[in-house]
Amino acid sequence: MKIIIPKERYPGEKRVATSPSIVTQLIDLGFDVSIETNAGVAASFTDIEYQSVGAKIVDDANLLFIDADIVLKVRAPILEANNGFDEISAMKAGTILISFIWPAQNEVLLQRLADQKITVLAMDAVPRISRAQKMDALSSMANIAGYRAVIEAANTFGRFFTGQITAAGRIKPAKVMVIGAGVAGLSAIGTAKSLGAIVRAFDTRLEVKDQILSLDAEFLELDFSEDSSGAGGYAKTMSKEFIDAEMALFAEQAKDVDIIITTALIPGKPAPLLITADMVKSMKQGSVIVDLAAEQGGNCALTEAHEIVIQHGVTIIGYCNLPSRLAAQSSQLYASNIFHLLAELVPDKNGQIIINMENEVIRATTVVKDGVITWSPPIAPAPAKVVTKSQPKNMEIIPMADKEESALNRFIRDITLAALGGCILWGLGLIAPASFMAHFSVFILACFVGYMVIWNVSASLHTPLMSITNAISSIIILGALLQVSSSINTIMWLSSFAILIASINIVGGFSVTHRMLKMFTK
């Protein structure tokens, strides 16, 4: 089958659906790859780079689309305003389109694609499950958007993020509030902290608290027991009481912070309003708001999509293309997401796509199949609850008499083994010399004491396994030190070798532990 990658025609879009390194992997899956000329230039990928890895460059967009089996895009297909080129009309019936679609918000687009008999896989519909993480383009782009949001804020803010003490005076660190601790929010928190800012974060889902604290940010928490977790890792709409308390918290924080980054979205609905005009008015002069939800209406009442506006001395950034502002990195990650999806669709690596609707990932991602709209996917059944107090079904109930019999059998077995061991030791004592029994007694006691010592070593500074091996090595060293002064050369050399090997193990254990601890320090 033939894959084509057209130039992105959406205004301001710099990304491209694949990179030269991914083209090589697509060819290995059995596909022929053609790319529209200059499709990757804005993302720093030249036509020569694509050609060098086996892709064909096509100048005419109509020729590119006419014999395509699979179309890979970033943005949904559009009608180009300047020349009237319609990407949907250019695709023949039976073509497979893979791109961002946003089917819940684009019913008209979905119907047009269905009327054209095009099979559509939406990259924004990839389910957020562990198996599909490598295909999750939403997370890839959100990670970049969160990072870029902080960079845009820093560029506009015009002051240091980190605090400094200079000869001219003390500079206070910037205060940043991040609303929403999804992928984009956590990326923004990490970036702002790395630049030295004081970071506060809020999310309605209490389960993200540990993630926020792990990034050394302050978690702004409301005293509510309401469950806010929705499907797919998103938050759900909260009660009026919760929202009122939330808005009061934001109003208080807006007066104190320098930068607000909002990332709150609810799938299939307009972005919730979190920052009112009065909150903006209460902010300090020169403050910055970066609204990552601008394309869905914005979390700030004064946000204008695609624009930077200044209201009441506060700069409000409403860019809708933050991943596109890091086009090379975004394109590479997006191309990798698409490759993993195609690898799922081509299990035999023969270039022939199999859309298996029994596969939960493919079923959720497929929004139109052979001209039939299949959005939205069926709701997956809830996982079975673990039964704790009540008796699980089909569990064999053991009568009390059987339990008592099993305990009796175990007691008889233990007594038998103990008696057998005692008889062996008694017989050994009858025939063995007294000196042997003295040494044998010391050996048994040493084994018992060693066992108790080793298994009671604290693992505070090591993993449990490393603490045990270091304890064993320490006992070996003590024994070897007692024997190293022996007059018998063999014993002396064996003791020296034991000291060397055990020392290497102990030093190596502390070295590995030190490296592990450094991972958690700045």
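Within 6.0 Å of the NZ atom in Lys14, the count of heavy atoms belonging to other residues, nucleotides or ligands does not exceed 12. Heavy atoms from other residues, nucleotides or ligands lying under 6.0 Å from CD of Gln253 number more than 12. Heavy-atom contacts from other residues, nucleotides or ligands closer than 6.0 Å to CD of Glu221 number more than 12. Shown here is Lys134, whose NZ atom has no more than 12 heavy atoms of other residues, nucleotides or ligands within 6.0 Å. For Ile501, the CD1 atom is densely surrounded, since the number of other residues' heavy atoms within 6.0 Å is greater than 12. In this structure, Tyr147 places its OH atom where only 12 or fewer heavy-atom neighbours from other residues, nucleotides or ligands lie under 6.0 Å away.
Within the 4.5 Å cutoff, the side chain of Thr162 has no heavy atoms near those of the Pro173 side chain. With contacts defined as side-chain heavy-atom distances shorter than 4.5 Å, the pair Val71/Pro6 qualifies. The shortest distance between side-chain heavy atoms of Val280 and Ile316 falls below 4.5 Å. Residues Pro272 and Asn299 have side chains in contact (heavy-atom distance under 4.5 Å, counting atoms from C-beta outward). Side-chain contact between Ile317 and Val288: present, with at least one pair of heavy atoms (C-beta onward) separated by less than 4.5 Å. Annotation: side chain of Leu97 is in contact with side chain of Leu113 (closest heavy-atom distance under 4.5 Å). Put simply, the side chain of Val33 does not reach to within 4.5 Å of the side chain of Tyr50, judged on heavy atoms. Here the side chains of Arg15 and Ser324 are in contact, with some heavy-atom distance below 4.5 Å.
Under a 3.5 Å cut-off, the side chain of Ser99 and the backbone N or O of Val74 do not form any donor-acceptor pair. No donor-acceptor pair closer than 3.5 Å links the side chain of Thr156 to the backbone N or O of Ala153. A donor-acceptor pair is defined here as one N or O able to donate and one able to accept, closer than 3.5 Å; no such pair exists between the side chain of Thr37 and the backbone of Asp59. The backbone N or O of Met279 sits less than 3.5 Å from a side-chain atom of Thr276, completing a donor-acceptor pair. A donor-acceptor pair is defined here as one N or O able to donate and one able to accept, closer than 3.5 Å; no such pair exists between the side chain of Ser330 and the backbone of Ala327.
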Audit row: Ser287, Asp258, side-chain hydrogen bond (donor to acceptor under 3.5 Å, both in side chains) steps and yes/no: CA-CA 5 Å; Ser287 298; Asp258 302 300; 4.9 Å; no
With side-chain contact (heavy atoms from CB on, under 4.5 Å) as the criterion, how do Glu152 and Tyr319 come out once you've worked through the C-alpha distance, each side chain's angles and the decisive distance to 0.1 Å? CA-CA 10 Å; Glu152 294 289 344; Tyr319 289 148; 3.6 Å; yes
Should Ile261 and Ile259 be marked as a side-chain contact (heavy atoms from CB on, under 4.5 Å) after you check the CA-CA gap, both sets of side-chain angles, and the distance that decides it? CA-CA 7 Å; Ile261 298 174; Ile259 295 167; 4.1 Å; yes
Between Arg75 and Glu8, does the salt bridge (charged side-chain N to carboxylate O under 4.0 Å, His left out) criterion hold? Intermediate values first, please. CA-CA 7 Å; Arg75 295 273 187 171; Glu8 293 296 325; over 6 Å; no
Using the side-chain contact (heavy atoms from CB on, under 4.5 Å) rule, take Ser139 and Gln133 through it: C-alpha gap first, then chi angles, then the decisive distance, then the call. CA-CA 8 Å; Ser139 292; Gln133 285 182 350; over 6 Å; no
Assess whether salt bridge (charged side-chain N to carboxylate O under 4.0 Å, His left out) is satisfied between Lys2 and Asp32, documenting all intermediate values. CA-CA 5 Å; Lys2 184 176 181 179; Asp32 293 325; over 6 Å; no
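Nearest heavy-atom pair, Val199 versus Lys193, reported as atom, atom and distance to 0.1 Å: CG2-CD, 3.4 Å. In terms of heavy atoms, Ile338 sits closest to Ala17 at CD1-O, 4.0 Å. The two residues Ala271 and Ala293 have their closest heavy-atom pair at CB-CB, 3.6 Å. The two residues Phe45 and Thr18 have their closest heavy-atom pair at CD1-O, 4.4 Å. The two residues Cys300 and Ile289 come nearest to each other via the heavy atoms SG-CD1, 4.2 Å. Across every non-hydrogen atom of Thr263 and Gly180, the tightest pair is OG1-O, 3.2 Å.
With rounding to the nearest 0.5 Å, the separation of CD in Glu246 from CZ in Phe242 is 5.5 Å. Residue Phe31 holds its CZ atom at 8.5 Å from CG of Leu72, rounded to the nearest 0.5 Å. Note that CG of Asn321 and CZ of Arg148 are 9.5 Å apart. Values are rounded to the nearest 0.5 Å. For the atom pair CG of Asp291 and CG of Leu274, the computed distance is 8.5 Å after rounding to the nearest 0.5 Å. Atoms OG1 and NZ, on Thr95 and Lys117 in that order, are 13.5 Å from each other to the nearest 0.5 Å. For the atom pair CZ (Phe161) and CD1 (Ile171), the distance works out to 14.0 Å, reported to the nearest 0.5 Å.
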Contacts table for residues 341-353: side-chain donor-acceptor under 3.5 angstrom, sequence neighbours left out:
unit_1: Glu344; atom_1: OE2; unit_2: Arg131; atom_2: NH1; d: 2.6
unit_1: Glu344; atom_1: OE2; unit_2: Asn359; atom_2: ND2; d: 2.9
unit_1: Asn350; atom_1: OD1; unit_2: Gln352; atom_2: N; d: 3.1

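Between Phe100 and Tyr10, the distance from one ring center to the other does not fall under 6.0 angstrom. Remark: aromatic rings of Phe65 and Phe85 are close, center separation under 6.0 Å.
Of the N and O atoms on the side chains of Ser89 and Asp86, at least one donor lies less than 3.5 Å from an acceptor on the other residue. A donor-acceptor pair shorter than 3.5 Å can be found between the side chains of Asp115 and Gln111. Inspection of the Gln332 and Ser21 side chains reveals an N or O donor paired with an N or O acceptor under 3.5 Å. Side-chain contact, Asn337 with Ser140: a donor N or O sits under 3.5 Å from an acceptor N or O.
Residue Lys73 is tested with Glu36, Glu87, Glu13 for a salt bridge (charged side-chain N to carboxylate O under 4.0 Å, His left out); the sole match is Glu87.
The cationic atom of Arg200 (NZ for Lys, CZ for Arg) does not lie both less than 6.0 Å from the six-membered ring centre of Phe219 and within 45° of the ring axis.
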